[in-house]
Peer 1: 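This is the structure I want to talk about, given as structure tokens.
Positions are given from 1, in the same order as the sequence printed here.
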Amino acid sequence: MGVETKLVLVWWMLLGLLVRSCWGAGFCGLDIQQQNKLYKFNLASPLKDYPHGVLSEDGFYKFSQNDSETGTETKFWFQLCEQMVFNHDQPVCFRCQTCGGPLHCGLTCSALMAKNVAGYYICTTLGHAANFKVSLIDMKNPGKGVRLNMSASTTEGDCSLSVSVYCNTNGVQAPISVSKSGDCNYETTMMHPAGCPAVTSIGGKGLGWLSTLLIVLVCVFTAYLLTGIVYRFFVLGIHGKEVIPNLDFWLSVPKRIQNGSEYILIRIVGAYYRVRYGPYSRV
């Protein structure tokens with residue numbers, strides 16, 4: 001594996017961590033304000049007994065269903081919040097080009113369906129992680145849970161899988177059946193503690209513009225720092241503390257802050273004495 005390939009892999013890994021930490025709610029979550037309360041869903045955040053949140057620890061959820069009329073079996077695989085990962089039980093089916101191809105079937109999409117047709121399983125991609133939307137199951141009752149919808153464009157048209165994650169603090173109930181709406185749109189349900197929001201009383205006020213600006217600045221600075229470190233380490237071959245970009249400047253920041261604070265303090269004290277005792281002249 002070349003240096004460029006390692007650089008790309010490390011960069012994408014770090015970028016993924018940054019996206020989850022800075023934009024986790026937008027990426028796989030939802031913030032809803034109703035009646036002076038903030039309902040915050042962050043489905044990928046670790047929970048007690050569920051370190052990956054709503055994501056399956058196997059890398060995918062799987063269930064199958066038989067057609068009520070023909071009795072033929074249809075298999076479904078999906079993962080929430082990101083694309084699927086298979087260490088076992090990888091799908092084997094025809095027409096998997098839009099989800100990894102025959103050798104890597106299931107690895108480049110977030111939802112896949114395989115229908116038994118005359119003894120052969122034919123694949124249909126139902127969703128990609130890039131086409132991911134989160135909404136409330138019930139707008140009048142935000143605590144009920146959220147609906148996660150993923151979609152994909154295929155030769156059969158636009159397909160989708162919608163997973164309703166109901167709040168259940170007692171454990172997980174994985175999907176066991178699916179219903180079809182339209183030509184290539186499917187819906188299923190499950191129960192998970194990650195479907196329960198964190199509720200905060202906000203007194204009618206959300207995040208102010210200053211708080212939002214600070215969050216954005218911190219995320220931008222983190223992205224700059226990670227990019228510089230990866231580039232200097234893998235491309236320039238720099239090691240040790242010098243791998244940090246503009247190290248001399250960052251080491252001088254505390255001294256600059258101290259000098260600036262002392263200057264401002266001197267000006268404030270001087271202005272205070274001028275106002276309190278008035279101007280004076282030498283005798």
Side-chain angles (χ1 to χ4, degrees), residues 1-33 38-48 50-55 57 59 79-83 85 129-130 132 134 194 197-198 200-203 205-275:
M1 184 181 295
V3 173
E4 293 80 5
T5 304
K6 290 182 179 180
L7 177 62
V8 171
L9 291 176
V10 173
W11 165 242
W12 277 111
M13 181 179 66
L14 294 175
L15 182 61
L17 293 174
L18 178 64
V19 167
R20 284 197 179 186
S21 60
C22 290
W23 289 281
F27 184 69
C28 191
L30 186 68
D31 292 350
I32 293 292
Q33 180 180 339
L38 178 65
Y39 296 84
K40 187 177 183 64
F41 298 88
N42 198 340
L43 301 169
S45 292
L47 299 171
K48 183 181 179 181
Y50 306 101
H52 304 285
V54 77
L55 280 73
E57 295 186 11
Q79 177 65 295
L80 298 174
C81 304
E82 61 183 32
Q83 64 190 29
V85 177
F132 198 83
V134 184
T200 306
S201 178
I202 57 177
K205 297 181 180 179
L207 285 175
W209 67 269
L210 182 59
S211 300
T212 303
L213 178 62
L214 289 176
I215 293 174
V216 171
L217 290 177
V218 169
C219 290
V220 170
F221 172 75
T222 305
Y224 149 78
L225 197 63
L226 291 177
T227 302
I229 291 175
V230 170
Y231 176 79
R232 290 167 68 85
F233 186 87
F234 287 98
V235 177
L236 301 182
I238 299 174
H239 301 280
K241 63 181 181 180
E242 287 77 14
V243 75
I244 300 174
N246 299 313
L247 178 62
D248 292 339
F249 170 77
W250 297 117
L251 290 176
S252 69
V253 167
K255 186 63 176 178
R256 291 171 184 264
I257 295 176
Q258 180 183 354
N259 293 339
S261 301
E262 291 175 353
Y263 174 78
I264 294 173
L265 181 61
I266 292 172
R267 296 300 296 267
I268 292 175
V269 172
Y272 169 77
Y273 275 98
R274 285 194 295 271
V275 171

Peer 1: Which atoms form the tightest heavy-atom contact between G29 and V134, and what is the distance?
Peer 2: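 What the structure gives for the nearest pair is O-CB, 3.8 Å.
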Peer 1: If I compare all heavy atoms of I229 with all of P245, which pair ends up nearest, and what's the gap?
Peer 2: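 That closest heavy-atom pairing would be CG1-CD, 4.0 Å.
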Peer 1: Tabulate below the donor-acceptor pairs under 3.5 Å that side-chain atoms of residues 254-261 make, not counting sequence neighbours, or state none.
Peer 2:
| residue | atom | partner | partner atom | Å |
| --- | --- | --- | --- | --- |
| R256 | NE | S252 | OG | 3.0 |
| Q258 | NE2 | E262 | OE2 | 3.3 |
| N259 | ND2 | K255 | O | 3.3 |
| S261 | OG | I257 | O | 2.8 |

Peer 1: Distance from F233 atom CZ to I244 atom CD1, nearest 0.5 Å?
Peer 2: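 Going from the CZ atom of F233 to the CD1 atom of I244 covers 13.0 Å.
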Peer 1: With rounding to the nearest 0.5 Å, note down the distance linking NZ in K241 to CG in L251.
Peer 2: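 The distance works out to 7.0 Å.
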Peer 1: Taking all non-hydrogen atoms of both residues, which atom of Y39 and which atom of P197 are closest, and how far apart?
Peer 2: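 Taking Y39 first and P197 second, the nearest heavy atoms are CD2-CG, 3.9 Å.
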Peer 1: Take a 6.0 Å sphere around OH of Y263 and say whether it holds more than 12 heavy atoms from other residues, nucleotides or ligands.
Peer 2: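 Counting other residues, nucleotides and ligands, OH of Y263 stays at 12 neighbours or fewer.
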Peer 1: Sequence neighbours left out, what passes side-chain hydrogen bond (donor to acceptor under 3.5 Å, both in side chains) with Y224? Give chain and number order.
Peer 2: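 Testing Y224 for side-chain hydrogen bond (donor to acceptor under 3.5 Å, both in side chains), a comparison that skips the adjacent residues, returns N246.
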Peer 1: Looking at every heavy atom in both E242 and R232, which two are closest together, and how far apart are they?
Peer 2: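 Smallest heavy-atom distance, with atoms named: O-NH2, 2.7 Å.
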Peer 1: Grab the two heavy atoms, one from A194 and one from L43, that are nearest each other, plus how far apart they are.
Peer 2: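 Closest heavy-atom pair between A194 and L43: O-CD2, 3.1 Å.
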Peer 1: So C28 and L80, do their side chains get closer than 4.5 Å, heavy atoms only?
Peer 2: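 Result no, sub-4.5 Å side-chain heavy-atom pair not found.
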Peer 1: Find the distance between CZ (F41) and CD1 (I32) and round it off to the nearest 0.5 Å.
Peer 2: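 Going from the CZ atom of F41 to the CD1 atom of I32 covers 8.0 Å.
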Peer 1: Any heavy-atom pair between the side chains of T200 and K40 that's under 4.5 Å?
Peer 2: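 Answer no - side chains too far apart.
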Peer 1: Decide yes or no for V85 and Q79: does some side-chain heavy atom of the first lie under 4.5 Å from some side-chain heavy atom of the second?
Peer 2: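 With C-beta onward as the side chain, the pair stays apart.
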